[in-house]
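Notes follow the structure.
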2 protein chains.
Amino acid sequence: MSTVANKKLRGEGLRQRVLETALGLFSTRGYFNTSIHDIRREADVSIGSIYHHFGNKEALAKALYDDLLERMDAGLREVMEREQDCRARCDGIIAFLFQAATEEPRTMRFVLESRHREFLPDEPPVCSSQPFMRMRECIEQGIASGEVRPIEIPVAATAAFGGAIRLVHLHLDGVLEQPLLRYLTSMQDTAWRAVATDSSNPTSNTIKETEE
Amino acid sequence: MSTVANKKLRGEGLRQRVLETALGLFSTRGYFNTSIHDIRREADVSIGSIYHHFGNKEALAKALYDDLLERMDAGLREVMEREQDCRARCDGIIAFLFQAATEEPRTMRFVLESRHREFLPDEPPVCSSQPFMRMRECIEQGIASGEVRPIEIPVAATAAFGGAIRLVHLHLDGVLEQPLLRYLTSMQDTAWRAVATDSSNPTSNTIKETEE
DNA sequence: TAAAGTAGAATGAACGTTCGTTCTGGTTTT
DNA sequence: AAAACCAGAACGAACGTTCATTCTACTTTA
């Protein structure tokens, strides 16, 4: 049974259907366990169409990868624009990650879990991609403004978001008892404790009533 | 050029050579980009020998995976035995991860980075494997003893070790400026701040004299 | 002690299948 | 009419695997 409507499509619509189908197959079976013929069958298009639009399998994966990274980055840009101080931004980023992992697990699986370098050898590692650079940047500014302790950037960035990212992995692997979003505020608080300066860190109570 | 000596081997020696070669190829090119013929060539053994010892490609990967997980687990068991309080154990675990990633990057890459479920479909996710369960257990005991704040176990465990694990990923991806071990004490301190109870958390000084 | 026998480890050519890709011929759009 | 798009049969290289055979080390027989 196909996950997409079976009305015959052409042009951009067809292209999108192929991308959608490829995302589904790549994220569940993996790139190497998915053949072009599999995609053809499930998307209900022809081999010729796929090669007309994408050229080859690797380019199809790259198009999908770029598309998803751009969408993720758009989400993060939105957070960075909406929130101004570092704490609010970190919270927003984690919330965005959790929400995306909940609503679009396939996207998250493909971006976060698959080893892109195995099938896109010329692509830089994910951690150098825009979304991840944005997280790093957020932390850098936090250090500059004094909200974050002055420690090495890579340590601060991984400490701030590494826990959340690992929790997303556990969620995608299906080993969490509770829905991911149930852990959100707890994770935000815990992550912030790791990197916050002592003055901006709660010392004996975890309840924060006021915005700063 | 082969990375192993080229004296003809038989029995267990041959088996080990195949495993060693497979680790090298799997961890750099990935499972699907490595053919049995590649392993045969680099290990300087025959196709038949490989099938005699392992049965098929998947079983070879599984044998390697089990072997490496067991070795990692042995390292963690040793830490848990040597250290008694939760803080020292967390520090020890992170130190072990960093050291292993530095000295045996291929092992770490294969255990941490490759998507096992793509080629070992019946294997549970890495996060359910012994080494990861041991980390979780350590945190559970920390909560019981009052050293760790009473928060959800998955949040505490990922917060305690997620940052370190992500930093290991950055190291393996070659995007860190400094050697991984240069970040060790900073990462240990930062990770502990995330999960420690307020009483056991440093509030205004970051300097802690520890032996290295 | 030498010869014959035996188990199983090692070998590599060959096989069937799958895969990514190409190609030719048709259809739709402009 | 030209250009863009779609269809799917056909192709050839590469892959995991098999299997008949050879080789090696050890045991038994004479």
Side-chain angles (χ1 to χ4, degrees), chain A residues 2 4-26 28-65 114-116 118-123, chain B residues 2 4-23 25-26 28-65 114 116 118-123:
Chain A
S2 170
V4 289
N6 49 13
K7 180 180 173 300
K8 282 277 179 268
L9 288 181
R10 289 177 65 85
E12 184 60 20
L14 185 145
R15 193 188 139 92
Q16 288 304 319
R17 177 135 100 198
V18 171
L19 283 174
E20 168 73 16
T21 306
L23 171 58
L25 290 173
F26 286 166
T28 54
R29 304 184 196 174
Y31 177 85
F32 292 103
N33 289 322
T34 303
S35 74
I36 291 287
H37 296 273
D38 290 337
I39 297 173
R40 185 213 68 76
R41 192 179 315 116
E42 180 150 334
D44 192 26
V45 299
S46 71
I47 292 276
S49 298
I50 295 176
Y51 276 85
H52 175 73
H53 281 282
F54 298 99
N56 58 42
K57 188 186 179 185
E58 195 175 308
L60 164 57
K62 172 112 171 69
L64 181 59
Y65 185 55
S114 53
R115 309 300 326 148
H116 306 103
E118 287 185 14
F119 51 90
L120 299 175
D122 299 330
E123 205 65 12
Chain B
S2 169
V4 287
N6 49 13
K7 180 179 172 303
K8 281 277 177 272
L9 287 181
R10 287 174 67 87
E12 184 61 19
L14 186 146
R15 193 189 140 92
Q16 289 304 320
R17 176 134 102 200
V18 171
L19 282 174
E20 168 73 17
T21 306
L23 171 58
L25 291 173
F26 287 166
T28 54
R29 306 185 194 172
Y31 177 85
F32 292 103
N33 288 323
T34 303
S35 73
I36 291 288
H37 295 270
D38 291 336
I39 297 172
R40 185 214 68 77
R41 193 178 315 114
E42 180 150 335
D44 191 28
V45 299
S46 71
I47 291 275
S49 297
I50 296 176
Y51 277 87
H52 176 75
H53 280 282
F54 299 100
N56 58 45
K57 187 185 180 184
E58 194 176 309
L60 164 58
K62 171 110 171 69
L64 182 60
Y65 184 55
S114 52
H116 307 102
E118 287 186 14
F119 52 89
L120 299 176
D122 299 331
E123 206 66 11

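A note on names: the letters A, B, ... follow the listed sequences, proteins ahead of strands, and every chain is numbered from 1. Side-chain atoms are counted along with the backbone in the values below, which use heavy atoms only and exclude waters and symmetry mates.
As a whole-Å value, the separation of B:I36 CD1 from D:dC15 C1' is 10 Å. Distance, B:I39 CD1 to C:dG12 P: 17 Å, rounded to whole Å. Look at CG on A:L14: it is 18 Å from P on C:dT27, rounded to the nearest Å. Atom CD1 in B:I50 sits roughly 12 Å away from atom C1' in C:dG12 (whole-Å rounding). For B:D38 and C:dG12, the CG to P distance is 17 Å, given to the nearest whole Å. One can place NE2 of A:H52 at 17 Å from P of C:dT21, the figure rounded to the nearest angstrom. In this structure, B:N33 places its CG atom 11 Å from P of D:dG16, rounding to the nearest Å. Distance CZ (A:R40) to C1' (C:dT18): 15 Å, rounded to an integer number of Å.
For B:I47, the listed nucleotide lying nearest its side chain is C:dA13; candidates were C:dG20, C:dA13, C:dA10. Picking from D:dT17, C:dT21, D:dC6 the nucleotide with the shortest atom distance to the side chain of B:Y51 gives D:dT17.
Residues meeting the side-chain contact (heavy atoms from CB on, under 4.5 Å) test with A:R29, sequence neighbours left out: A:L25, A:N33, A:T34, A:D38. Qualifying ring-ring contact (aromatic ring centres under 6.0 Å, His included) partners for A:F54, counting only residues two or more places apart in sequence or in other chains: none. Considering only residues two or more places apart in sequence or on other chains, B:Y51 meets the side-chain contact (heavy atoms from CB on, under 4.5 Å) condition with B:I36, B:I47, B:N56.
Between A:L64 and A:A22, the shortest heavy-atom distance links the atoms CD2-C, 4.1 Å. Closest approach of B:S46 to B:R40, counting heavy atoms only: C-CG, 3.8 Å. Minimum heavy-atom separation, B:R17 to B:A43: NE-O, 3.0 Å. Residue B:A63 comes nearest to B:R15 through the heavy atom pair CB-NH2, 4.3 Å, listed as atom of the first residue, atom of the second, then distance.
At the phosphate of C:dA10, neither OP1 nor OP2 sits under 4.0 Å from any side-chain N or O atom of B:S46. Side-chain nitrogen and oxygen atoms of B:S49 include none within less than 4.0 Å of the OP1 or OP2 phosphate oxygen of C:dA9.
The shortest side-chain heavy-atom distance between A:L60 and A:I39 falls under the 4.5 Å cut-off.
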Worksheet item: Run the side-chain contact (heavy atoms from CB on, under 4.5 Å) check on A:V18 and A:H53 step by step: do they pass?
Response: CA-CA 9 Å; A:V18 171; A:H53 281 282; over 6 Å; no
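Going from atom CD of A:Q16 over to atom CG of A:L23 covers 11.5 Å, rounded to the nearest 0.5 Å.
Judged by distance alone with a 3.5 Å cut-off, a donor-acceptor contact links the side chain of B:H37 to the base of D:dG16.
Within residues 53-64 of chain B, the residues having any heavy atom under 4.0 Å from DNA chain D are, by residue number, B:N56, B:K57.
Each of B:Y65, B:F32, B:F119 was evaluated against B:S114; a single residue qualifies, B:F119, per the side chain to side chain contact (heavy atoms under 4.5 Å, CB included) test.
Using modelled atom types, one side-chain atom of A:K57 and one backbone atom of A:Y31 make a donor-acceptor pair closer than 3.5 Å.
Using five terminal pairs a side, the axes of the helix from C:dT1-D:dA30 to C:dT30-D:dA1 at its two ends make an angle of 0°, given in steps of 10 degrees.
Heavy atoms of A:S35 sit under 4.0 angstrom from primed sugar atoms or phosphate atoms, though from no base atom.
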Within the sub-3.5 Å range, which N or O atoms of nucleotides 22-25 of chain D have a protein N or O partner, and how far apart are they?
none

